[in-house]
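Presented below is the structure to which this report refers.
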Amino acid sequence: MFTTIRPTTQPAKEAIPDDLFAAINDLKKELNAVILAHYYQNNDIQDIADYLGDSLGLSQQAAQTDADVIVFAGVNFMAETAKILNPHKLVLLPDLDAGCSLADSCPPDQFAKFKALYPDHLVISYINCTAEIKAMSDIICTSSNAVKIVNQIPQDQPIIFAPDRNLGRYVMEKTGRKMVLWEGSCIVHETFSERKMIDLKMANPEAEIIAHPECEEPVLRHASFIGSTTALLKYTQQSNHQAFIVATEPGIIHQMEKASPHKLFIPAPAIKENCACNECPYMRLNTLEKLYLCMKNKSPELTLPEKTRQAALIPMQRMLAMS
Ligand code: 13P
Ligand code: SF4
């Protein structure tokens, strides 16, 4: 007996132009679009972006832009933030699966129960959370303004800080404030090995260790400078040191090398041998091809329920006013 092999109907692959940079620039003009990108994106996406920044800078740009279309080369919570601030603009994300382990570590139903245990607490949430968590928060913060924002809250006001326990603990140390922490974290920033970093520092004694506050305390305690991605970039430009061990997602090293071509940047080592686990698997889902396709097809579009968006807008606006 013979088996009939039927041809499968595959969706036709969309043609990708040879010169993606030119094609994306043409679409940018046609759509009156702005491309906002985070430093953890691939180098070619960073090179074509209109604005590169940390989460605060990206939110400020999203709040100010007069473009009709915002193309967000970053992860879901960042595109959501752009939508919260721009309900009437089309917000595109090259890959809707670009999530965030930190945002996922704070499910809204569980957070609602947690929050109910502390009815007199003010909720300050790190921007790396879903729109639902933002909607349950009083103020949003980022890694660049968290200390400044907590310092503006009256001393007798108890605070819940969510979702990142590492940033929360760092802010407590910096402000001397005790806060109730949600136990969330980022898989990328918890991957660095203190032991291997010490070995690397011994092999490169001239290098300064710099770190993002999402890292765990055993890594942070070796850092000469701790800050948001933009703050780390600025620090490497201003420091007299010629070499740095960089404890954050290594995508930022592209901008560090561009700004200081004669300096040496060494990515901080991960616990596991020979893995790329210090690269954010969500950020890296975006590619130049997907960026082109999302602009060409005006899809995937980031949308939000209007009720959630309105509730999330209030703490976002408070953050922008307090920054
Ligand atoms: P910043 O760029 O605001 O420092 O945040 C880093 C980050 O984890 C983004 O996901
Ligand atoms: Fe989320 Fe961590 Fe990736 Fe940032 S690096 S987007 S916090 S998973």
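Both ligands and their constituent atoms are indexed starting at 1 by order of listing.
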Under 3.5 Å side-chain donor-acceptor pair for Tyr235 and Glu208: yes
Contact check, side chains of Lys89 and Thr65, non-hydrogen atoms, under 4.5 Å: yes
Element-labelled atoms of ligand 1 that are located less than 4.0 Å from some non-hydrogen atom of Ser143: 1 (P), 3 (O), 4 (O)
Contact atoms of ligand 1, heavy-atom distance to Asn128 under 4.0 Å: 7 (C), 8 (O), 9 (C), 10 (O)
Any Glu214 heavy atom less than 4.0 Å from ligand 2: yes
Ring-ring centroid check Phe111 Trp182, cutoff 6.0 Å: yes
Within-shell test, Tyr39 vs ligand 1, heavy atom, strictly < 4.0 Å: no
Under 4.0 Å to a heavy atom of His212 - the qualifying atoms of ligand 1, by number: 1 (P), 4 (O), 5 (O), 6 (C)
Which residue and heavy atom of the protein sit nearest atom 1 (Fe) of ligand 2, plus the separation: Cys100 SG, 2.4 Å
For Asn128, the ligand 2 atoms whose distance to one of its heavy atoms is below 4.0 Å: 7 (S)
Min side-chain heavy-atom separation Asp138-Ile124 under 4.5 Å: no
Chi angles and distances behind the side-chain hydrogen bond (donor to acceptor under 3.5 Å, both in side chains) call for Asn278, Thr191: CA-CA 6 Å; Asn278 56 359; Thr191 202; over 6 Å; no
From CA spacing to verdict: salt bridge (Lys or Arg N to Asp or Glu O under 4.0 Å), Lys307, Glu132: CA-CA 10 Å; Lys307 215 172 135 198; Glu132 287 100 319; over 6 Å; no
Atom 8 (O) of ligand 1: the protein heavy-atom neighbour that sits closest, reported with distance to 0.1 Å: Glu214 OE2, 2.8 Å
Contact with ligand 1 for His38, non-hydrogen, under 4.0 angstrom: yes
Atom indices of ligand 1 within 4.0 angstrom of Met78 heavy atoms, with elements: 9 (C), 10 (O)
Derivation and outcome, salt bridge (Lys or Arg N to Asp or Glu O under 4.0 Å), residues Asp26 and Lys296: CA-CA 10 Å; Asp26 287 348; Lys296 181 171 165 268; over 6 Å; no
Region of Asp54 that comes within reach of ligand 1 [heavy atoms, distance under 4.0 Å]: both
Check: Glu190/Ser185 side-chain N/O donor and acceptor closer than 3.5 Å: yes
Presence of N, O or S from Cys280 under 2.8 Å of atom 2 (Fe) of ligand 2: no
Top protein contact for atom 8 (S) of ligand 2, by heavy-atom distance: Ser101 OG, 3.3 Å
Atom of Glu206, atom of His241 and distance for their closest heavy-atom approach: O-CD2, 3.4 Å
Those atoms of ligand 1 less than 4.0 Å from some heavy atom in Ser228: 4 (O)
Exercise: do Gln60 and Gln64 side chains pair donor with acceptor under 3.5 Å: no
Cys186 neighbourhood, listing ligand 2 atoms whose heavy-atom distance to it stays under 4.0 Å: 2 (Fe), 5 (S), 7 (S), 8 (S)
Parallel, tilted or perpendicular, as decided by the 30° and 60° cut-offs, for the rings of Phe192 and His189: perpendicular
Within-cut-off N or O pair, His189 and ligand 1, under 3.5 Å: no
Under 4.0 Å to a heavy atom of Ser55 - the qualifying atoms of ligand 1, by number: 1 (P), 2 (O), 3 (O), 5 (O)
